[in-house]
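Comments concern the structure below.
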Amino acid sequence: MRRNSVLQKHPLLRLLLPLMLGIVLADAFYQSLATFQGYLIGITLFSFILLFISLWRFKGWFVLFLNLTVMGIGMLLTGRWLEKSHFPFSEESAAYQILIEEQPEEKPRSILCKSLLLNGDSTLLAEGLPKNFLFYLAKDSASFQLTKGDTLWVYAHLEPVTQSGIPDAFDYGRYLRRKGICGSAYVASGHWQLVGHQSSSSFMDRMEMVRERLKDRYRELGFQGDELALLTALTVGEKEELSEEIREVYSASGASHVLAISGLHIGLLYAILWMFFIPWRKNRKLKVVSVFIVIGVLWAFAALTGFPISVVRSVIMFSLIGVSNLLQEKPHTLNTLSTAAFLMLLFRPLWLFEVGFQMSFAAVASIVVLHPKLSSLWEVNHRALRWICDLLSVSIAAQIGVAPIVAFYFHRFSVYFLLTNFWVIPMVSLVMYVAVFMLVLMPFPAIQQWVALLEMKLIHLQNTVLEEISQWPMATIDRIWLTIIEVFAWYVVVWFCYRFFQRHTAHRTLSALAGLLLLIGGHWGLSQYAAMRPSISFYNVRGCPAVHLVSDLDASWVVASDSLLQVDQLLKQVDPYWMHRQLAVPQVLTSDNQIVSFYGKRICLVNDDRWRRKSSSQKLPIDYLYISSGYRGTLEELVSLFDVQEVIVDASLSDFYRQRLEQECLEKRIPLHRLASEGIIEIPI
């Protein structure tokens, strides 16, 4: 195969790569994007003009100007989407009118309302409202009655969602920005008033009503619990009702991919629809009509599920495949996949950063490229054995494509994924066929009830077997840590190995072996370099002042005096950092004792007023004084009791108390650390 032949055979792939690069650059430098947007537009237009000139005079430069133009378009489209999350925040609380866009969601301490900011002061109106915000309303009898479409006046302080500063922690602020959400606000009881309700009759609202009616019909037929949740996920794409237990079963067994409607489900629907139009295929005009009917039904189903990424990708691909049935020349599947990705990113560039987008396209691309080569490794004539070999090849190819992405985001590898696919793919196909048959029987409720009973038994059987697989020894390898560089290196090595299996040359053999050795050796080296040493650490986690004492990679303790709920929040937020540092999950110690000794160092956690108005004839040496919300005294009162070496100020303190402590430390020449700005303080011992 000649160099660049892959890109030459797949022209949309050549356009997709610079588009993706433009999106990544715009997201990485979004804060500077607004300043240089005018220059970016000018450069893009200039490249576009040179693109046409190069067609006539400088054909050798055509590819360069084409790539620059597409990359500029990607940056401009991404900047346009990121502008939706720009907002001129104020330091003062104010009254705002909001519209609740989605059904309110109960949280442990509040009611979450995703809302549109409709009205405010004149400064905000000048910035182009409405804007999306997350409002957390205090729990009371009135907030529980709120529903989608309610209009409120609220009095609150709008704030941007900032990153905690802890390395490797989930960047919730960036996640919301990519979703077009500007920030959040807490609304206390009595600080809001219901003023109206706006009924919406948009197309998507009607689709939501259809989904709710289907779910109600499922309940009437007797579906409940995990059976209802799974049937809802498979037919209308709603996974909210799936319990944590069933999610864990599917994740540990390697069957999570069937919970998201994707190519498997759309392919089954496509095959069922084509069966109804078999008699029309012989007539040219009827075949054209049947193709567009099938495509229309597929897009209607995509609308019913709410246009999730995997469904949009699958429907675009099957739409192109349907149109290709009318043509003599069949398109290459990789071209079809590239076209789907290109169109989706033009429509919504920030989909590129969605896990579902990355996994969906990585799995299909891997199947398209690797499956033919894997299938050629064995030639089987027996029909049943050929089906088994094909399923084996597809499963391995898909796993090669998604394994690094799963490890990067979820830090897990399911060991028995091959066995799971042999069970779950035929079962999901059967469940889907029975579900379609059950819905067709709506006019015949008696027969539909019998089919529903069969469907319940099938779903229960599927879940039971997967639960058994998930409990086998070594079902999962957990706490895997990969860097983004290692993920890209994985795909480079896979490409080297693919080229080696295409043609066994010395150069390709050395490339594949060197790539494998570098990947394995690099991962080991990075792991050893990142491994955590004995230390004392403090983390910027709101509402949970704690100290982390690390003895070695398998022995460490988190000492906190607050509630277990808050400690669980700390464990969840900091766990990615611990995984990166090769540290096992620490043991949690909660105690009312605020003074801790570790390796000859004393730490005092001050989060209440127990040390106020106390006196001592002799000062107790304290190496690290950790002050958090709850203490309302001065530093003078503490240094009268303790011989303090360093002070650590938690982000939970108000600006007034934090500034006062900073001033006192400056006067007494005591070193001070601010968790709000540093994110994490790690002190080697």
Side-chain angles (χ1 to χ4, degrees), residues 6-24 27 66-67 69-71 73-74 77-78 81 178 204 237 257-271 273-274 291-327 329-372 394 397-398 400-402 405 491 495:
V6 173
L7 293 179
Q8 289 169 359
K9 290 181 179 179
H10 308 95
L12 259 297
L13 185 59
R14 299 174 69 174
L15 295 178
L16 180 61
L17 296 178
L19 180 68
M20 293 169 60
L21 179 60
I23 294 170
V24 171
D27 180 76
L66 179 62
N67 288 337
T69 302
V70 174
M71 186 174 71
I73 291 172
L77 290 174
T78 305
W81 276 95
R178 290 171 176 168
M204 294 306 299
H257 58 94
V258 303
L259 295 178
I261 299 178
S262 59
L264 172 65
H265 312 78
I266 302 299
L268 290 171
L269 180 59
Y270 182 82
L273 291 171
W274 263 117
V291 165
F292 284 100
I293 289 176
V294 170
I295 292 174
V297 173
L298 291 180
W299 280 106
F301 179 72
L304 176 64
T305 59
F307 293 110
I309 291 173
S310 58
V311 174
V312 173
R313 189 267 307 160
S314 302
V315 171
I316 290 177
M317 289 191 66
F318 279 102
S319 297
L320 295 173
I321 291 171
V323 172
S324 72
N325 288 326
L326 304 176
L327 306 174
E329 185 178 351
K330 304 301 180 185
H332 195 284
T333 310
L334 199 56
N335 266 332
T336 306
L337 184 67
S338 302
T339 303
F342 189 81
L343 294 175
M344 289 175 67
L345 293 178
L346 283 180
F347 175 71
R348 189 162 295 179
L350 294 175
W351 268 348
L352 179 63
F353 303 102
E354 296 279 351
V355 180
F357 181 93
Q358 297 169 14
M359 290 184 62
S360 179
F361 280 93
V364 177
S366 185
I367 291 171
V368 169
V369 174
L370 300 180
H371 173 249
V394 169
I400 290 173
V402 302
I405 299 176
Y491 291 116
W495 177 247

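- Residues satisfying the side-chain hydrogen bond (donor to acceptor under 3.5 Å, both in side chains) test with Ser319, not counting sequence neighbours, are Trp299.
- With sequence neighbours left out, Ala303 forms a side chain to side chain contact (heavy atoms under 4.5 Å, CB included) with Phe203, Met207, Phe307.
- Nearest approach of Phe318 to Gly267, heavy atoms of both residues: CZ-CA, 3.5 Å.
- Annotation for Asp27 and Thr78: closest pair N-CG2, 4.2 Å, computed over non-hydrogen atoms.
- Legend: residues meeting side chain to side chain contact (heavy atoms under 4.5 Å, CB included) with Leu346, ordered by chain and number and at least two apart, are Leu19, Ile73, Leu77, Phe342.
- Residues that satisfy the side-chain hydrogen bond (donor to acceptor under 3.5 Å, both in side chains) test with Ser310, not counting sequence neighbours, are absent from this structure.
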Please tabulate, for side-chain N and O atoms in residues 353-366, each donor-acceptor pair with protein atoms closer than 3.5 Å (sequence neighbours left out).
{"from": "Glu354", "atom 1": "OE2", "to": "Lys179", "atom 2": "NZ", "distance (Å)": "2.9"}
{"from": "Gln358", "atom 1": "OE1", "to": "Tyr409", "atom 2": "OH", "distance (Å)": "2.9"}
{"from": "Gln358", "atom 1": "NE2", "to": "Leu352", "atom 2": "O", "distance (Å)": "3.1"}
{"from": "Gln358", "atom 1": "NE2", "to": "Tyr409", "atom 2": "OH", "distance (Å)": "3.3"}
{"from": "Ser360", "atom 1": "OG", "to": "Arg313", "atom 2": "NE", "distance (Å)": "2.7"}
{"from": "Ser360", "atom 1": "OG", "to": "Arg313", "atom 2": "NH2", "distance (Å)": "2.9"}
{"from": "Ser366", "atom 1": "OG", "to": "Ala397", "atom 2": "O", "distance (Å)": "2.4"}
{"from": "Ser366", "atom 1": "OG", "to": "Gly401", "atom 2": "N", "distance (Å)": "3.4"}

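- Separation of atoms CG (Leu17) and CE (Met71) is listed at 12.5 Å; rounding is to 0.5 Å.
- Leu12 has its side chain out of reach of Leu337: every pair of non-hydrogen atoms, C-beta onward, lies at least 4.5 Å apart.
- Residue Ser314 holds its OG atom at 11.5 Å from CD1 of Ile309, rounded to the nearest 0.5 Å.
- Minimum interatomic distance between Gly322 and Val291 (heavy atoms only, all atoms of both residues): O-CG1, 3.5 Å.
- Side-chain contact check for Leu320 versus Asn335: every heavy-atom pair is 4.5 Å or farther apart.
- Between Pro372 and Val369, the shortest heavy-atom distance links the atoms CD-O, 3.8 Å.
- Phe301 is listed as a side-chain neighbour of Ile266, based on a closest heavy-atom distance under 4.5 Å.
- Checking each of Leu345, Leu21, Val70, Thr339 against Leu16 for a side-chain contact (heavy atoms from CB on, under 4.5 Å) leaves exactly one that passes, namely Leu345.
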* To do: Start with the C-alpha distance between Val368 and Thr336, add both sets of side-chain angles, then the distance that settles side-chain contact (heavy atoms from CB on, under 4.5 Å), and finish with yes or no.
  => CA-CA 11 Å; Val368 169; Thr336 306; over 6 Å; no
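- In this structure the side chain of Tyr270 reaches within 4.5 angstrom of the side chain of Ile321, judged on heavy atoms.
- Residue pairs meeting the side-chain hydrogen bond (donor to acceptor under 3.5 Å, both in side chains) criterion with at least one member in residues 342-351: none, sequence neighbours excluded.
- Nearest heavy atoms, Leu350 versus Arg178: CD1-O, 3.4 Å.
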